[in-house]
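So the structure is just underneath, and the comments pick up after that.
Please read these numbers as outputs of a predicted model, since none were measured by experiment.
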Amino acid sequence: SAPPDGTPLFTVKQAGRRGPTPQQDRAARTKSQVLTAAAELFATNGFRHTSVKDVAERVEMTKGAVYFHYPNKEALAVAVVEHLYAKWPLLLEEIREGGMSSLETAAVMLDRAALAFRDDVVVQAAARLQLERPHIEAELPTPYVDWTLLLTELLSAARDEGQIKADTDPAAAARALVAGFFGMQHISDVLQHRADIVDRWQEVRDLLISAIRA
Ligand SMILES: CCC[C@@H]1OCC(CO)=C1C(=O)O
């Protein structure tokens, strides 16, 4: 029922609203701009040839404004790589809503990953940073393991659902798909700046999936 002083209920709810304040919104936008600028520089020039000064200049902010969000260049690299790995559970959730089979879900996950590696500069930067990890003094997430686990689970379900051969080893097939995808995206990047990644991925995918499909 309405509050005793007659204030419409929605005003009271607005007053207790837990959403971000305009200041918090602005800080979140700035932080995102800084991360994207760092990703663009990491993707193009690599970790060692990118400075916090370069990032600040790219977003027309002071170095202090960058340090407010990220204490150093290594923190920027960690944030970029963490952004890469945060994408996949959300993507899996979205694909699962489509009600596809486990095998189709695995294939579509990697199809979408190919598009992300072609179009998303944060993903491109994360892939380069993972190759440069020996020169980055920070704890970066271990590469490949998330994908291998995700695909192992999907292929185990696909085997149980009769979509792939009963004698398939899901973990071995998952490792082959991750290796195939990683190698494919790396070669496409070196030779074609990933312009042909979708075609190259479809070749790898069709060969590997046809080898295990029931
Ligand atoms: C999906 C294949 C693996 C994927 O390819 C590039 C890359 C960057 O390190 C990956 C990862 O860490 O999982």
Side-chain angles (χ1 to χ4, degrees), residues 19-94 109-150 178-179 181-198 200-201:
T21 63
Q23 295 79 1
Q24 287 166 331
D25 267 340
R26 193 163 50 251
R29 273 199 310 278
T30 305
K31 187 170 186 174
S32 173
Q33 286 167 347
V34 169
L35 187 68
T36 301
E40 289 164 351
L41 291 164
F42 287 148
T44 310
N45 307 324
F47 181 78
R48 283 184 287 179
H49 297 294
T50 295
S51 68
V52 171
K53 182 172 179 287
D54 296 332
V55 177
E57 286 174 356
R58 194 173 186 96
V59 287
E60 296 173 348
M61 293 176 198
T62 62
K63 280 173 62 177
V66 174
Y67 284 127
F68 175 78
H69 294 289
Y70 298 97
N72 50 39
K73 189 170 66 163
E74 287 71 12
L76 278 166
V78 170
V80 166
V81 175
E82 286 179 345
H83 179 94
L84 166 70
Y85 295 119
K87 290 177 80 73
W88 311 130
L90 303 174
L91 178 59
L92 178 62
E93 218 174 281
E94 178 197 324
M109 277 292 290
L110 288 164
D111 291 349
R112 293 283 296 276
L115 293 173
F117 276 88
R118 184 190 68 190
D119 301 336
D120 183 335
V121 70
V122 181
V123 170
Q124 294 159 4
R128 179 163 181 169
L129 290 170
Q130 283 290 34
L131 292 176
E132 297 178 353
R133 54 195 285 123
H135 311 293
I136 302 171
E137 291 180 20
E139 267 306 299
L140 290 183
T142 305
Y144 320 123
V145 292
D146 287 7
W147 268 106
T148 306
L149 182 62
L150 167 65
V178 169
F181 184 98
F182 176 77
M184 173 284 302
Q185 68 81 26
H186 179 70
I187 294 169
S188 175
D189 180 29
V190 171
L191 297 182
Q192 301 289 342
H193 304 294
R194 293 194 180 95
D196 65 344
I197 190 172
V198 171
R200 299 293 74 77
W201 162 240

Shortest non-hydrogen contact from [X] toward [Y]:
X: Gln24; Y: Gly19; value: OE1-O, 4.4 Å
X: Ile136; Y: Leu140; value: CD1-CD1, 4.0 Å
X: Val198; Y: Leu115; value: CG2-CD2, 3.7 Å

Fill in: salt bridge (charged side-chain N to carboxylate O under 4.0 Å, His left out) involving Asp196 - partner list, sequence neighbours excluded
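Asp196 satisfies salt bridge (charged side-chain N to carboxylate O under 4.0 Å, His left out) with Arg200 once adjacent residues are dropped.
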Worksheet entry | Partners meeting salt bridge (charged side-chain N to carboxylate O under 4.0 Å, His left out) with Glu57 (sequence neighbours left out) |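 In terms of salt bridge (charged side-chain N to carboxylate O under 4.0 Å, His left out), with neighbours along the sequence ignored, Glu57 is linked to Lys53.
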Partners of [X] by side-chain contact (heavy atoms from CB on, under 4.5 Å), sequence neighbours excluded?
X: Ala179; value: none
X: Glu93; value: none
X: His186; value: Leu131, Val190
X: Ala125; value: Ala39, Phe42, Ala43, Val80

Would you say the side chain of [Y] lies within less than 4.5 Å of the side chain of [X], judging by non-hydrogen atoms?
X: Val81; Y: Tyr85; value: yes
X: Val34; Y: Val55; value: yes
X: Pro141; Y: Glu82; value: yes

Discussion item. Are there over 12 heavy-atom neighbours, none belonging to Gln23, within less than 6.0 Å of that residue's CD?
Written reply: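 Check passes, neighbour count above 12.
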From [X] [atom1] over to [Y] [atom2], what is the distance, rounded to the nearest 0.5 angstrom?
X: Asp54; Y: Thr44; atom1: CG; atom2: OG1; value: 11.0 Å
X: Gln130; Y: Thr142; atom1: CD; atom2: OG1; value: 8.0 Å
X: Met109; Y: Leu92; atom1: CE; atom2: CG; value: 5.0 Å

Worksheet item: Please, which pairs that meet ring pair (Phe, Tyr, Trp, His ring centres under 6.0 Å) have at least one residue in residues 62-82, sequence neighbours excluded?
Response: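 Those involving residues 62-82 do not exist here.
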Fill in: Residue list, ring-ring contact (aromatic ring centres under 6.0 Å, His included) with Phe181, at least two apart or on another chain
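Phe181 satisfies ring-ring contact (aromatic ring centres under 6.0 Å, His included) with Phe117, Trp201 only.
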Which residue pairs pass the salt bridge (charged side-chain N to carboxylate O under 4.0 Å, His left out) test with at least one member in [range], sequence neighbours excluded?
range: residues 131-141; result: Arg128-Glu132
range: residues 110-121; result: Lys87-Asp120, Glu94-Arg112, Asp111-Arg205
range: residues 23-48; result: Glu40-Arg58

Fill in: For Gln185, all residues meeting side-chain hydrogen bond (donor to acceptor under 3.5 Å, both in side chains), sequence neighbours excluded
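Listed in chain order: Arg194.
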Donor-acceptor pair, [X] side chain versus [Y] backbone, under 3.5 Å?
X: Lys63; Y: Val52; answer: no
X: Ser188; Y: Met184; answer: no
X: Thr36; Y: Ser32; answer: yes

